[in-house]
Amino acid sequence: MAAIASIALDGLAGRPVEVEVDIASGLSATVVVGLADTTVSEARNRVRSAVVNSGTAWPDTRVTINLAPSNLPKSGPHYDLAMGLGVFVAKSVVPVEGLARTVFLGELALDGRLRAVRGVLPATLAAAEAGFERVFVPESNLAEARLVPGVEVVGVRSLRQVVAMLRGEEEPDDPPVPPLDESADAAWSRVIPSGRLDLTDVVGQDDACLATVIAASGGHHLLLTGPPGVGKTMLAQRLPALLPDLEPDDSLEVSALHSLAGVLPSDVPMLIRPPFLEPHHTASAAAVVGGGSRVVRPGAMSLAHHGVLFLDEAPEFAINVLEALRQPLESGQVVVSRSAQTAVFPARFQLVLAANPCPCGHAGSVMQRCECSAATRRRYADRLSGPIRDRIDIHRTLVEPSRRELVHGLGARPAMSDLAARVAEARSRQRRRLADTPWRVNAAVPGVDLRKGWPAHDEGTRLLEQQVRGHKVTPRSADRVLRLAWSIADLCGHDRPTIDDVQTALDLRRGSPIGGDIVRLLEAA
C-alpha cells in the first residue's frame, strides 16, 4: 500500500489530500473512492495507460485508490500524478523515503507526460501553509508555483521523470509539454498598462474625468449615464491606468484567483497591475458571480479582485446578475453554494456601470431625437434598482461635447502620469492613516469606524447631519458621502474633510456639477 499527498481546492483555499493506493488479490479491477467527481473517477483510465507507458505493468489484480478525507469533495485532473506514482510505490518500484513532506500535482497524458492544470498557485500556497517542504508540478506551471516562498518547487515533464528522480536515476529527455491554452478564457480579464491610455483622449467631459480620478483615489464605485458615444467606455477603460501597482500580497492573491480560473498567462505568472474585467451583457450569473455544474470556479467579480469590474450597457444585464452585486459590494467576497460544495472567493473590486438614459439612447441628446415614452425611460432606468444605485458612490451624467470642445478639447487636461501620481499620493495618505487597521482605502472602511475614528471637520459633520435629518440622504448614503469626502481631502492634501469636501462629495453622489478646491487643484496639476 502507498500514500501520496496532493491538494484539494475549496474555492481559493486548499486542504491536503492523501491518495492511498492498495493492490490486493482479487478480480482485475480499478476502483476510485473518496467522494470523487466524474473527472477524478475517469482518471483511472488515464492513469493506467500512463503507468504502462512509463515503464511498469499495471497490476492484474484489484487496485483500490482512496482519496482521504472521504467527506471532502474532490474534482479536477490534478490528482493524476499522485495516483500514478502511488502505483509505482505500491509495487515497490519507487522508495517511500523520497515522498515525505512532498505534494504531487499534475494531469497525466496517456503516454505519461504531465499536462498543466488550473489552480497550481493556490494549491502550492495551501501546501506551504500545511507544512509541506516540496511540491512537484508540471513544468508548464513551474513559474507560478515558484511565486510561493518557503517551499521547494520541482517542475517535471512526465511520470517517467518523477520516477527517475525519486529513484536517483538518470532522468529521461522528454519533450516539453505546451502550457494551457487560455486564449478563449483570457478575454474575461485584461490588464491595462499604466501610461498606454490617457484621459487626454477623452474630449470634453471634464466633470466626469475629475470624478474618475476621485474614484481611483479612494476605490469608489462609479455610475456613468449618457447617450452613446460620449465617452463612458473610454473613461471606464482609463480608470485602471490611474490605479497604482498591486501590493505584493494582493498581487499573489489576484494571481491565485486567475490561476484557479485558468486565465493566468504562463509567461506572466505574477499579475502586477490591477485587472480589468468587462463581461458582455449577455453573460450568465455563473460567469459573473462564479459557479459551475461540477467544479466551482471564480467569476468575473472575483477575477476583478483589487481591480475594476466594468458593466457596459448595465441595464441590459439580466436582473439576477445585477442584483447579485449587492452582497459583494458590501462584504468584498462572493459565496457560491452548491448542493455538494460551498466556495468563498474574495471580490473587493471597483464597480463601474455605464448606462444609456433610455432604450434608444438619445434621451437628453441635442443631436438625436428620443423616440421613447416617459414610461419606457422610467422602466429602463428602474432596471438598476434603488439598492444597487445606493451602493454606488459617484453618479455622473455625461452630455455630448460641443463643437468647440471637439476642436480644442484634446490635450487640455493634465497628463495621465501626473494624475496617476496624485492618485498614488492620495492612496499613500490613506495607507498611513489606516496603517493599524485591516483596511487600505477609504471605500473599504465601515461607516461606524469612519464616524468614530475619522470624522470630518465640525462644519462638514453638521452638513451631513442636516442632510440625514432632512431625509435628503439615508444613513448608509451619509457614510458613503463621508468616505468620498475623505478621498477628496486626500487628493487636496487636507488633514480632515472640510465642509467644501463634504459638499463636493454630496454633489458627486447626486450627480450635480462639482467645484471647489478639488477642481482648482487638478486644473493646476
Just by modelled atom types, is the [Y] backbone N or O under 3.5 Å from a matching donor or acceptor in the [X] side chain?
X	Y	answer
R273	P240	yes
S41	D37	yes
S217	I214	yes
R476	G447	no

In Å and rounded to the nearest 0.5 Å, what is the [atom1] to [atom2] distance from [X] to [Y]?
X	Y	atom1	atom2	answer
L166	F104	CG	CZ	5.0 Å
R160	D111	CZ	CG	6.5 Å
L384	E323	CG	CD	9.0 Å

If you measure only the distance, is there a donor-acceptor pair under 3.5 Å linking the side chains of [X] and [Y]?
X	Y	answer
T30	W58	yes
D250	H306	yes
S477	D390	yes
D174	Q161	no
E107	H78	no
T233	D312	yes

Mind checking whether F349 and H221 have parallel, tilted or perpendicular rings, split at 30° and 60°?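 It falls in the tilted class, 30° to 60°.
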
Could you pull out all residues at least two apart from D80 that satisfy side-chain hydrogen bond (donor to acceptor under 3.5 Å, both in side chains)? R46

Identify the residue among R433, R480, R483 that makes a side chain to side chain donor-acceptor pair (under 3.5 Å) with N442.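 Option passing the side chain to side chain donor-acceptor pair (under 3.5 Å) with N442: R433.
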
